[in-house]
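Every chain is numbered from 1 and lettered A, B, ... according to where its sequence line falls, protein lines coming before strand lines.
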Protein chains: 2
Amino acid sequence: MEDVVKTAEAPVPAGAVKTKTRKGEQTRAQILDTALRLFLERGYEETTMRGIAEEAGVAVGNAYYYFKSKEHLIQAFYERTHHEHLAASREVLARERGLRERLLGVMRAKLDTIAPYHQFAGILFKTAADPKSPLNPFSEESLPVRQQATDLFAEVVTGSDTRLTAELTAELPNLLWIYHMGIILYWIHDKSPGSEKSYRLMERSVKLVLRLVSLFQFPLLRPFLRELLGMVADLRGGTQEGLRP
Amino acid sequence: MEDVVKTAEAPVPAGAVKTKTRKGEQTRAQILDTALRLFLERGYEETTMRGIAEEAGVAVGNAYYYFKSKEHLIQAFYERTHHEHLAASREVLARERGLRERLLGVMRAKLDTIAPYHQFAGILFKTAADPKSPLNPFSEESLPVRQQATDLFAEVVTGSDTRLTAELTAELPNLLWIYHMGIILYWIHDKSPGSEKSYRLMERSVKLVLRLVSLFQFPLLRPFLRELLGMVADLRGGTQEGLRP
DNA sequence: CGCTTTTGTTGAACGCGTTCAAAACGGCGC
DNA sequence: GCGCCGTTTTGAACGCGTTCAACAAAAGCG
């Protein structure tokens, strides 16, 4: 019964599309889907590689042929929510012009998209905190994701009707990215129902951030800002080689 | 040969000291010492519970009688550096009166004391980031350590010759603790030789922090400060039940 | 001293993530 | 058809952290 499947796929018009589906793509997808489903159903720790393989109808070794480790399976999660967040943010950014509304919308979208995964957010960040993990925000492997996230914050700023000084515009996206990581860190440990505390923190801190930003437009505070931006710039491209390729 | 040891210990004068040495204390210490030594010699991942037990001359199960898990063995590390830091800080605080010198000294002491453990700082923080881990700074088990750390920052402030408003004095220690965690987070990922980047970040950011503090003494910025402190106060005792017992 | 209870100790066994040599498959030239 | 070679798949095996029923040693007690 199962053996017939192999030719059931639409035969690719020769050479038309550079078919990556070397047949393994199917298996890969199957394993990944099964893994994500089981992670959600049972939690990360409780889901075993043997379980995933069995449910996916393959041998354990096969899962390791496509994914270097169990952790690498979570990375798919990370990327999935990341893309959901990008999509949700684009809606907000197309609609809103005010800096506050834009930032607030993007941040709210973030919390909304990651909400379903709060149960094993701990594991996700546990591994993310490990410098050796591929999930580590500073790692080589997550560079594209981080870049996109920073770009998103850049658009929050540049697409708004608020005009800022050039130097602030240049560095603010990075600062906002760090800020948003801080909020997520809080969210992870937040045990309040519906993560309401995280939402409250986010809303209040967004206000503060914007107040800070406008404060720093004052010439009086310019030297302070200079020092801050100088420090951040100095240290970038530093913690990890990957930061500035 | 080994059997003779049992009575070699000085017999405790009956009832004089509430001897906690129910004989197990020796074993416990032996296991812990061996573990810490092996962690340093071989690294955390490479050190096995079997290896620890063997070198300590006990059975594996015995190690688990004294320590709930391998992670709990690291916690001893955490506490050890913590106490070293407290000691080093006390020296600084006894010597210096200026707020900047005090904060700078305490922060420098922190980086200095944790320096030897940079190689497996990753593991330490990997597990520390997990909400379920005992090493998690917000967890019940690390409450005393966190409390002492916050108290330390309180003394940095109150023992200095700089006078601050009451509300700032009340909340600043908590903010400084969070700040210092941020620096450590950077340090973990810092691959620069001698962690020099972390030291530079620390020095520059201390300056900024102090500038911020003095800025907020201006009446003009008072509402901003109010909002900030209000937010922090609102959210404390929230992420984890343990925060305010 | 003998007894019970508490404390300490053992090592086999379990389930896990991961590895790897070997096998099966699939397309391609002949 | 046959042989070849890279891709895919297998499952037994390894080493690990951890558990647990059983046992031993020490402490308390009459």
Side-chain angles (χ1 to χ4, degrees), chain A residues 2-9 11-12 14-15 19-32 34-35 38-39 42-54 56-74 123 126-127 130 132-134, chain B residues 2-9 11-12 14-15 18-32 34-35 38-39 42-54 56-75 123 126-127 130 132-134:
Chain A
E2 298 145 320
D3 315 4
V4 198
V5 176
K6 51 181 173 185
T7 45
E9 298 301 311
V12 189
T19 342
K20 295 208 71 174
T21 316
R22 300 184 76 85
K23 139 78 180 174
E25 288 304 307
Q26 270 178 260
T27 319
R28 183 194 176 84
Q30 177 132 48
I31 293 168
L32 186 58
T34 311
L38 291 187
F39 285 163
R42 315 178 179 173
Y44 179 73
E45 310 268 60
E46 289 70 28
T47 304
T48 72
M49 290 302 279
R50 286 169 177 80
I52 294 170
E54 191 177 356
V58 299
V60 263
N62 205 5
Y64 282 92
Y65 180 75
Y66 292 103
F67 301 94
K68 279 208 282 267
S69 73
K70 198 182 173 188
E71 280 191 11
H72 277 77
L73 278 167
I74 322 189
I123 315 298
K126 172 185 167 134
T127 69
D130 183 357
K132 279 177 280 181
S133 164
Chain B
E2 299 144 321
D3 315 3
V4 198
V5 177
K6 50 182 173 184
T7 47
E9 298 300 312
V12 189
K18 190 65 178 244
T19 343
K20 295 211 67 172
T21 316
R22 304 183 74 85
K23 140 78 178 178
E25 290 303 306
Q26 271 177 260
T27 320
R28 181 195 177 84
Q30 176 133 48
I31 292 168
L32 185 57
T34 311
L38 291 187
F39 285 164
R42 315 178 179 172
Y44 179 74
E45 310 270 56
E46 289 69 28
T47 305
T48 72
M49 291 301 280
R50 284 169 177 82
I52 294 170
E54 191 176 358
V58 299
V60 267
N62 205 6
Y64 281 93
Y65 180 75
Y66 292 103
F67 301 93
K68 278 209 283 267
S69 73
K70 197 181 173 188
E71 280 191 11
H72 277 77
L73 278 167
I74 322 187
Q75 197 165 15
I123 315 296
K126 172 186 164 131
T127 69
D130 184 357
K132 279 176 280 181
S133 165

Non-neighbouring partners of B/Y66 that pass side-chain contact (heavy atoms from CB on, under 4.5 Å), sequence neighbours left out: B/T27, B/R28, B/I31, B/N62
May I ask you to say what A/Y66 touches in the nucleic acid, namely base, sugar-phosphate or nothing, with a heavy-atom cut-off under 4.0 Å? sugar-phosphate
Could you encode protein contacts along nucleotides 12-20 of chain D as a string, one character per nucleotide from 5' to 3', using B for base contact, S for sugar-phosphate-only contact and - for no contact, with a heavy-atom cut-off of under 4.0 Å? BB--BBBBB
Kindly write out the residues that satisfy side-chain contact (heavy atoms from CB on, under 4.5 Å) with A/V60, not counting sequence neighbours, or none if the list is empty. A/R50, A/A53
Rounded to whole Å, CD1 of A/I31 lies from P of D/dT8 at a distance of 11 Å
Report yes if at least one side-chain N or O of A/T27 is closer than 4.0 Å to OP1 or OP2 of D/dT9; otherwise report no. yes
Taking only residues two or more places apart in sequence, or in another chain, which ones meet A/Y44 in a ring-ring contact (aromatic ring centres under 6.0 Å, His included)? A/F39
Can you measure A/E25 atom CD to D/dT7 atom P for me and round it to whole angstrom units? 13 Å
Difference in axis direction between the ends of the helix from C/dT4-D/dA27 to C/dC30-D/dG1, five pairs, 10°: 20°
Would you kindly give the CD-to-P distance between A/E54 and D/dG11, to the nearest whole Å? 12 Å
Spacing between A/Q30 atom CD and D/dT9 atom C1', to the nearest angstrom: 14 Å
For A/Q30, all residues meeting side-chain contact (heavy atoms from CB on, under 4.5 Å), sequence neighbours excluded: A/T34, A/A56
Are A/L73 and A/M49 packed together at the side-chain level, in the sense that at least one heavy-atom pair is separated by less than 4.5 angstrom? yes
Minimal non-hydrogen separation, A/T47 against A/L38, with atom names: OG1-O, 3.2 Å
Starting at OG1 of A/T48, measure out to CD of A/E54 and round the result to the nearest 0.5 Å. 8.0 Å
